[in-house]
Number of protein chains: 2
Amino acid sequence: MSELEQYIGAYFEGITENEIATVASLFQLEQLKKGDFYLKEGKSCDKLSFISSGILRIYKTLDDKEVTQWISTQGYFVTDLASLIFRSPARWSIYSLTDTTLYTINRTDYNLLHTIVPRWAEIEKLFLAKCFVTLEERVFSHLSLSAEERYNLFFEQNRELFNQIPLQYLASMLGMTPETFSRIRKKSLR
Amino acid sequence: MSELEQYIGAYFEGITENEIATVASLFQLEQLKKGDFYLKEGKSCDKLSFISSGILRIYKTLDDKEVTQWISTQGYFVTDLASLIFRSPARWSIYSLTDTTLYTINRTDYNLLHTIVPRWAEIEKLFLAKCFVTLEERVFSHLSLSAEERYNLFFEQNRELFNQIPLQYLASMLGMTPETFSRIRKKSLR
DNA sequence: TAAATTTCTTGATTTTTGTCAAGTGCAAAC
DNA sequence: GTTTGCACTTGACAAAAATCAAGAAATTTA
């Protein structure tokens, strides 16, 4: 069983082995060099990808600054969901912070999945529900935690990221400036 | 066509009139007096409701404070999604800030919907995707906006709430203290 | 390897937001 | 209608976080 198949099995609860193989066959290998764009804000995002290896940064450019919405790593799916599903202009730019290997399905094949895998919509619904709950928790962290508490929580769960990418992006993703991030980091290293 | 049916039609894109009627018939009228609980943290949430009238507050109690995650009003659906779908203990308490009229479907019937309405899972997937995108925007507001900017944005879109419920709950929902909220409010009234 | 670029750190300072405490206004309850 | 609670406001102050600027460290490029 390929890596992709294993992940599909893990992500989409209750999917059968046959279904996994069928789904996996619709994904194409896609390679990004460090610095390549996966998606640019305003374009249409007509694909969904699974990250086999590498790190992507999802961000938006405002007048005076860039805001990093999320850092996506091995094992995550990546897309602009609103653009993929509702065909709205992409809200995010996405580019690679390292050389990256993706498995990508285009919108056409993605939309066929429910005809190939009867339970697909149900499976995807469960997947989306999980994503929704994760985001609820993330909102809650901004309502209830200080910058330092958000740092510590994220650090516990994502230590490995801290020596792989520029920390300024993690700072932005956690809703603080690089300077604040640096000071909290110094404190927590002692 | 009843109010509930109209809203179902609006929420779940592409659903047919017959399907709407079938779905609507599974919802039961539920009345809450001001101050009644819809759900308590830690319990199982085995229902999903549509708010016909009234206002609900969704919050969590921490050691030292209560944090309001969301204020739900007419036209919204309300539940603890993780608890409804994955049967985990409810993360939120939900109670009514005013007398409230709901249309409620229990988990058993909810889980039958896909057998009654063939496209249900697909419809629900689209609905969840919309919810996800809304939460993405909410996270982004915390990464990119100041307390004052979040206040103004929310005020523009939800003026009517500001004279219907205690403002401290809106403050909490926007991630600031009642005092900060009050000062911003004073400024923006001038 | 050296130069250039980017990232990170640090200090000084300002701004924003939170905390604490007192007081006002209002509405529900008696 | 007086009392009792809330909810809200306000002021003084403290803490958290942002900003600005300079320089150090690390990484990339030549």
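Both backbone and side-chain heavy atoms feed into the values below; hydrogens, waters and symmetry mates do not. Proteins get letters first, then strands, A, B, ... in listed order; numbering begins at 1 in each.
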- [ ] Answer yes or no: does a side-chain N or O of A:K186 lie under 4.0 Å from OP1 or OP2 of C:dT10?
- [x]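 For C:dT10, OP1 or OP2 has a side-chain N or O of A:K186 closer than 4.0 Å.
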Task: Under 4.0 angstrom between A:R185 side-chain N/O and C:dT9 OP1 or OP2 - done: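 Answer is yes, contact under 4.0 Å.
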Calculate the interatomic distance between [X] atom [atom1] and [N] atom [atom2]; express it in whole Å.
X: A:L189; N: C:dC8; atom1: CG; atom2: P; value: 13 Å
X: A:M176; N: D:dA15; atom1: CE; atom2: C1'; value: 16 Å
X: B:Q164; N: D:dA7; atom1: CD; atom2: P; value: 16 Å
X: A:L167; N: C:dT6; atom1: CG; atom2: P; value: 17 Å
X: A:L174; N: D:dA16; atom1: CG; atom2: C1'; value: 16 Å
X: A:E66; N: C:dT7; atom1: CD; atom2: C1'; value: 14 Å
X: A:Q168; N: D:dT27; atom1: CD; atom2: P; value: 14 Å
X: A:F181; N: D:dA16; atom1: CZ; atom2: C1'; value: 17 Å

Open item on the list: Tell me if the centroids of the rings in B:F127 and B:W120 come within less than 6.0 Å of each other.
Closed with: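 Centroid separation for B:F127 and B:W120: 6.0 Å or greater.
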Task: Within the 6.0 Å centroid threshold, strictly below: A:Y7 and A:F27 - done: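 No, the ring centres sit 6.0 Å or more apart.
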TODO: Verify ring-ring contact (aromatic ring centres under 6.0 Å, His included) between B:F181 and B:F154, making sure each step is shown before the conclusion.
DONE: CA-CA 12 Å; B:F181 187 96; B:F154 187 79; 8.8 Å; no
TODO: Answer yes or no: side-chain N or O of B:E179 and base N or O of C:dC20 forming a donor-acceptor pair under 3.5 Å.
DONE: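 Check passes, donor-acceptor contact within cut-off.
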Open item on the list: Using a 6.0 Å distance limit plus a 45 degree cone around the ring axis, check whether A:K60 lies over the aromatic ring of B:F140.
Closed with: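 Geometry flag: set, cation within 6.0 Å and 45°.
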Open item on the list: Mind checking if B:K34 touches a base, just sugar-phosphate, or nothing, with heavy atoms under 4.0 Å?
Closed with: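 Nothing, no nucleic acid heavy atom in range.
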Open item on the list: Quick check on DNA chain D: between A:L145 and B:R183, whose nearest nucleotide comes earlier from the 5' end?
Closed with: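 Whichever sits nearer the 5' end wins; that is B:R183.
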TODO: Could you pick out which residue, B:T180 or A:T177, lies toward the 5' side of DNA chain D when each is mapped onto its nearest nucleotide?
DONE: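 The residue mapped nearer the 5' terminus is B:T180.
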Task: Nucleotide of D:dA17, C:dT7, D:dA7 approaching A:P166 most closely (side-chain heavy atoms) - done: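 Within the option list, the nearest is C:dT7.
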Task: CZ-CD1 distance between B:F132 and A:I85, expressed to the nearest 0.5 angstrom - done: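 So the gap between those two atoms works out to 9.5 Å.
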